[in-house]
Each structure stands twice: as C-alpha cells, then as structure tokens.
Amino acid sequence: MFEAATEALSSFADPAMLLYLGAGVLVGLIIGVIPGLGGTGAVAVLLPFVFVLEPNQAIALIIGAVAVVHTSDVITSVVLGIPGSASAAVFLLDGNTMAKKGEGGRALSASFIASTLGGLLGIVALTLVIPVARPVVTAFGSPEIFMLILLGIFLTALLSQGNMLKGLLIASFGLALGMIGMSPVSAEYRYTFGSEYLMEGIGLVAVALGIYGVAEIIDLVAQRAAVADKKDMALGGGWSKGARDVFRYKGDVLRGSAVGIGSGILPGVGATAGAWLAYGQARAIGSRKQDARFGKGDPRGVIAPSAASNGIESGALIPTLLFGVPGAAPFALLLGVLLIFGIQPGPDLIEQDLDLVYFIVWSFAIAAVVGAVLAFFMARPLAKLSFVRFPVLAAALVPLLFMSGFQEPLNLNVFYVMLALGVVGWICKITNIPRAPFLIAYVLAVPLERYYFITVSAFEPGEWMTRPFVVVVALLLVGVTGYQIWKRSRRSASASENQASATAPDGTAPHGSELEPVPEKEGEAEAEPESSPTPPSFVHLLVSGGMLLFFIAGLLLAAGFSDTGRLFPFIVGGLGVALSLCALVKDIRETRSSGGLGRVGAAFRDQLKVVGISLAWILGFIWLVLLVGMFVGTGIFSLVFLLVVARMKPLPAVIYTAVIVAALWALTEFAELMAPVGWFL
C-alpha cells in the first residue's frame, strides 16, 4: 500500500500532470461562481478533453474541478447574497451578514481555509478506509455489486432534496436512456430506430451537458439582466482574522468535516443537505455559548458548512472508488471517465490498480490546497462575473457547450439530443424534480444490467437473494423507503391539522430545529431565483402523463428484442409505468385539493416566452453550424446575438465575437478537439 501511494505521488513530478490538475482547478473555481452550473457543470465542460488525454491526465483534470467547486461557489453568496449553488445558500445567513458589516474578507478567508481542511480530512478518511475495506470489497461477487449499484440509484432518488416519487421516476428515465445502443448482455441494438448515431448510445458528455448546462442556458439565454448590480459589491476586509477564526473554532471544522464525510459516503444526501446539517450542529452546540451570534454574522456559521461542503466531495470518493457507486452527480461523471478508459471501480480497482486510487487521493489533496490559494487571489474578479449580463456569457457558453458535446460521437445529431435533454432538464427545474438521480442512473445503467444478468445466470434466486450482504442492502432499502413514506405522511397529517398548504417534505429543516428551510433541490448546483414562477398544476400532470407514455412505448418496443435483451427493458419499463401511475394519481389528488388545473399566470407566461426565445436562438445556432460549420456559424450567431439580445455596441461585439471564435480555434489546434464541418463549408 505504501509503495502504491509513493508511486502515485511520483506522478506529480511531471510538470504536465500539475498543469492538467491546475487547469481543472481553474475551471472549477470559475464555473463554481456561475449560478446554476456548479460542480456537475464544471466536470461536464471538461469531459470532451478526456478523449484526447492519457488516463491519469484526464483524471487529474476532472478531480481538479470537483475538488474546488464548493470553494468558489461561496463567493457570490457572501459578497452578493446570491448563492452560486443550492448548497451555498447556507452562507446567506452569516456569511452575507458579515459582508454587509464590512467583514466579507473575513468570511471568505474562513470559508476557503475551512473548506480546504474539510477536503483534506475527507481524503485522510478515504486513506484510512482503503486498507480496512480492501478485504471486504475484494470478497464481493456479482450479487453484492448488483445490490450496491441498485442501492446507490435508489438512495440518490429517495434522499435527494425534493419529490421522492419523481426522483425515482426520473432515475427510471435515466436507466431507460442508458439502455439505448448495443446491449451489454446480448448481441443486438436496442432503441436505435435505425440511427447510426444511436448505435453507440447517447454518450455521457451529451447527457451531462444537456441535462445541466443546456438546461441552464435555456433558462438564462434570453434574459438581459445580470445576477447582481455593481452597487451590491462589498468584499470587505478581515482576511487574517478569518484565518484565526478557523483555528479558534477548530472543533467546528472537525465536526463539520465529519458531517460532510458522512453525507458524502451516503449516496443521494448531497452537498445541500450536508451543508445545512453541518450548520445545524454548529448552531446547536455554539448557541450554548455567550458569544453566539448565529444568523447575525457568526463565523462559525461559515466555517462548519464550508468544512462540510468539501468533506462531502472527498467523502463521496469512498463509495465511487470502492464500490463503483457515485456518491453525487459529479462523481457519476468521474465514474463515466473511468469506464471510458476501461477502469472498473470496485474489487478490480482495489486489487489491480491501487496506485490509481492513491493517484486520485493525491490529486484531490493537492487540488484542495491549490484551489484555496487561488481563491484568495481570485475572489474579487470571480465575484465580478456576476455583474456580466447573461447574454454576454451565453454568446460564449452556447458554442462551447455544443462543441464539447460533439467530441464523443463526432456526429451533428448530438446537437438535437443535447437540446432535447436541455428541455427535459428545464422541466425538471420548474417542477422540482431532482436531476442527480437521472444522471447517476444513466451512468450505472450498463453496469446494473450486466451484473444483474451475471447474477441471475450464475445463481438460483434463493441462493443469491439470501446472501448476507444482499439481505442487509435489501433491508436498508426497505427501511429507508418506509421511513421516507412515514415521514411524508406524518408531515402531511400535521399540515392538514394546521390547515396549511402542502409543501415538499424534504425542503424543510427537521421538526423542532431552528434551521432555515433547505432548498428543494438535489445536492448539486440547483439554486433557483426566489422569484421563479410556480408552474400551474396541469404541468405536473403533463410530466407524469408524458413519462407514462414514454415507458409504455419502451415496453412495446422491447417486445421485439431477444429473450435476453428484453429482460432488463421489461423490468425498467414496468417499474417506470408503476411509478408514472403513482405520480399521476398523486398529481390528480393535489390538483383536486388545490381547486383545479390552475391557470397560466402572467409570470409563468413570461417565463415560457423567455424559454421559447432561448430555444429559437439555440436552434438557430445549430442550423448555422449544420450549414456553414462551427467557426463561421459561431461567428454569425455570436455577433447577431450580442447585437440583438445583449444590445452590445458594434465594435465591442465584433471584438468579443472574434475572441470567441479564436478560442474555439485554439481548442482545435492545441487541445486537439474536433470542430463540426457544415454542408457548405
């Protein structure tokens, strides 16, 4: 083990390796402050580079981004009062209050150092777990691995902040899309409709960029406002005092890190719940002291959730590497990267590639330290990103996202798939459906089917279902599901007694606590503006009905597959139909209790108009690229978009467009990315 650790550390003697790690850190810091994108967006943007890099280089790049995204998303929360992600909303209570008192620097300093320590403590936990877990993991057979994958998917859906039933439903949708292409258990193509593009499946890059990145662009591209006004900028001082606060309240660092690591190990809990849990325990313990000022600018209200946020990321590496079950959405993408290179996390990784495990450990540790150092120098310029109007950002983000999605299949049809998934992601946002279960289920669809087929082929049902670990996991699933149902029914009954309107049960703090409500989103980068209009009831009915039709169609198509090839599609389709019917019944009941289908209010109508305009612009970009290629299409799109939507003056618009096109050209020349070629150019 010591030899593997030292060999992994020696990899960083290569300056190129440090360069890739630093590039990932830089991208993670920058994207972390853009509301809506967060850790998953940062990793998704970097995924295309995986195909032109060596395995260690690609892993260093991805780990660099994951390790620091929760270091930078606190900046806008503290300085501007606008969360960079849902988990960063906790810093509005004390961090933003400190900034208003002129102590923004103190809050940021405490946060940067605490998050670094939290990440390092999580890495120590992973290092200690490896030798203990190694004999257990290597003893796992296909039934245990199958149940672990199933546990990861279900826990992500059950425990994600939001609607439990819709979380399971969207996870089933992810499994269904993951079955498109070549079957892993039979020599046949499924759900390809004769398309050459779909024979290889949709592709992880397109799925991640569509469901997260394009969904955010659809929501923001036609908005002319910036996130914040320049008059809101108040960085403040007290940087050295913030560092002293961390060591003064070292107990909060340790406890916050422990909460974060525990939350990261358990798939589905996510950064949002972990950060609020850490804040809650800090407040519960700190309120007993005379100097407690929680909610009024107490540095402990920043330190504990900061330590937890990075502790969650490092803690999530434990189930990802040891069991092949991602602890959070960004780690689903990391798992996808490993699978691209033929690296299977779990017993084989621990037994045969232990040096790779320690390489990831060292990458995370170095990135956490480097990220904190860079954050000190970049806090002010990163915060200024929030002053840039959305159309100005979108003019560069749209070409970058779609060029990134093109790299895996090298097929222009991927543009339409990304746009369709972007619409799905936007619908998930407005209807409070968590997206992390979808992404994790999509990544795990092939391993789940493969291990299920091996299990049922090699063992009799009574043999593998009675294995001790399988029984424990099954009982855990039943227990968690039962607890979630009981908690929901209890809160619904309590709401009825108080004659209060029904709210999502996972969006509030535990009964009797003094915590603020937890944002009703999955743990990764789902911050919504408070003024976001609520869709009418019939929208939820349409979503449930559409899902029902989707799974029925999947079942009908699966009937034409071979006996082996149709087994898993039948299971997923049947589960999807059952969940869709339950969701439909639930939505009908809620619609009746609310007094009808509801009307499209003025705010929601305006939002639909914005989305329609956004889709029109993105479609225009796609068609331009199809006709005249990436560079000319980007030049025309960006220039017209900047002049019409951003209302930029002609000369700056031309210069900015030239910079965007030059950046894309540089990616093709120096990063070896491929640019789409149009029909005419």
Side-chain angles (χ1 to χ4, degrees), residues 23 26-27 29-31 33-37 41 45 75-76 79-80 82 213-214 216-233 235 377-406 415 609-671 673 675-678 680-681:
L26 192 62
V27 171
L29 288 173
I30 294 173
I31 293 183
V33 301
I34 301 177
L37 293 181
V45 168
I75 293 175
T76 53
V79 178
L80 306 171
I82 299 161
V214 178
E216 301 300 333
I217 293 296
I218 289 173
D219 203 29
L220 303 176
V221 71
Q223 297 184 25
R224 292 187 171 92
V227 174
D229 192 272
K230 290 188 177 181
K231 64 182 181 182
D232 296 331
M233 184 73 168
L235 199 56
F377 295 99
M378 298 175 64
R380 190 179 295 274
L382 285 177
K384 289 181 179 179
L385 278 177
S386 297
F387 304 143
V388 179
R389 289 177 296 133
F390 285 128
V392 177
L393 291 175
L397 284 176
V398 170
L400 176 62
L401 289 179
F402 281 93
M403 184 170 173
S404 299
F406 176 76
F415 284 7
K609 181 180 178 181
V610 167
V611 169
I613 295 172
S614 302
L615 291 174
W617 278 104
I618 295 175
L619 272 175
F621 168 76
I622 292 173
W623 291 336
L624 279 171
V625 174
L626 290 175
L627 290 174
V628 295
M630 190 69 196
F631 298 127
V632 177
T634 296
I636 297 173
F637 165 79
S638 297
L639 182 60
V640 176
F641 186 82
L642 290 170
L643 292 173
V644 176
V645 180
R647 296 179 180 176
M648 188 179 285
K649 294 181 179 179
L651 182 58
V654 171
I655 295 174
Y656 185 34
T657 298
V659 170
I660 294 171
V661 174
L664 295 179
W665 175 83
L667 288 175
T668 61
E669 289 295 316
F670 302 106
L673 297 189
V677 178
F680 299 114
L681 294 177

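- Atom CZ of F402 is separated from atom CD1 of I217 by 9.0 Å, given to the nearest 0.5 angstrom.
- Listed by chain and residue number, nothing satisfies the ring pair (Phe, Tyr, Trp, His ring centres under 6.0 Å) test with F406 (two or more places apart in sequence, or in another chain).
- When all heavy atoms are compared, the tightest approach of V392 to A646 is CG2-CB, 4.2 Å.
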Which pairs would a plain distance check flag for residues 623-634, meaning a side-chain donor or acceptor within less than 3.5 Å of a matching protein atom at least two apart in sequence or in another chain?
residue : atom : partner : partner atom : Å
W623    : NE1  : Y416    : OH           : 3.2
T634    : OG1  : M630    : O            : 2.7

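- For the side chain to side chain contact (heavy atoms under 4.5 Å, CB included) test, residues two or more places apart in sequence or in another chain that qualify with A653 are L639, L642, L643, M648.
- If you take CD1 on I622 and CG on L615, they are separated by 9.5 Å, rounding to the nearest 0.5 Å.
- How far CG of L400 is from CD1 of I660: 10.0 Å, rounded to the nearest 0.5 Å.
- What you find for L664 and P399 is that their closest heavy atoms are CD1-CB, 4.0 Å.
- Ring pair F641/W617 is perpendicular by interplanar angle, where above 60° counts as perpendicular and below 30° as parallel.
- Residues P676 and F415 have side chains in contact (heavy-atom distance under 4.5 Å, counting atoms from C-beta outward).
- The side-chain heavy atoms of S638 and Y656, taken from C-beta on, include no pair separated by under 4.5 Å.
- Nearest heavy-atom pair, A675 versus T668, reported as atom, atom and distance to 0.1 Å: CB-CG2, 3.9 Å.
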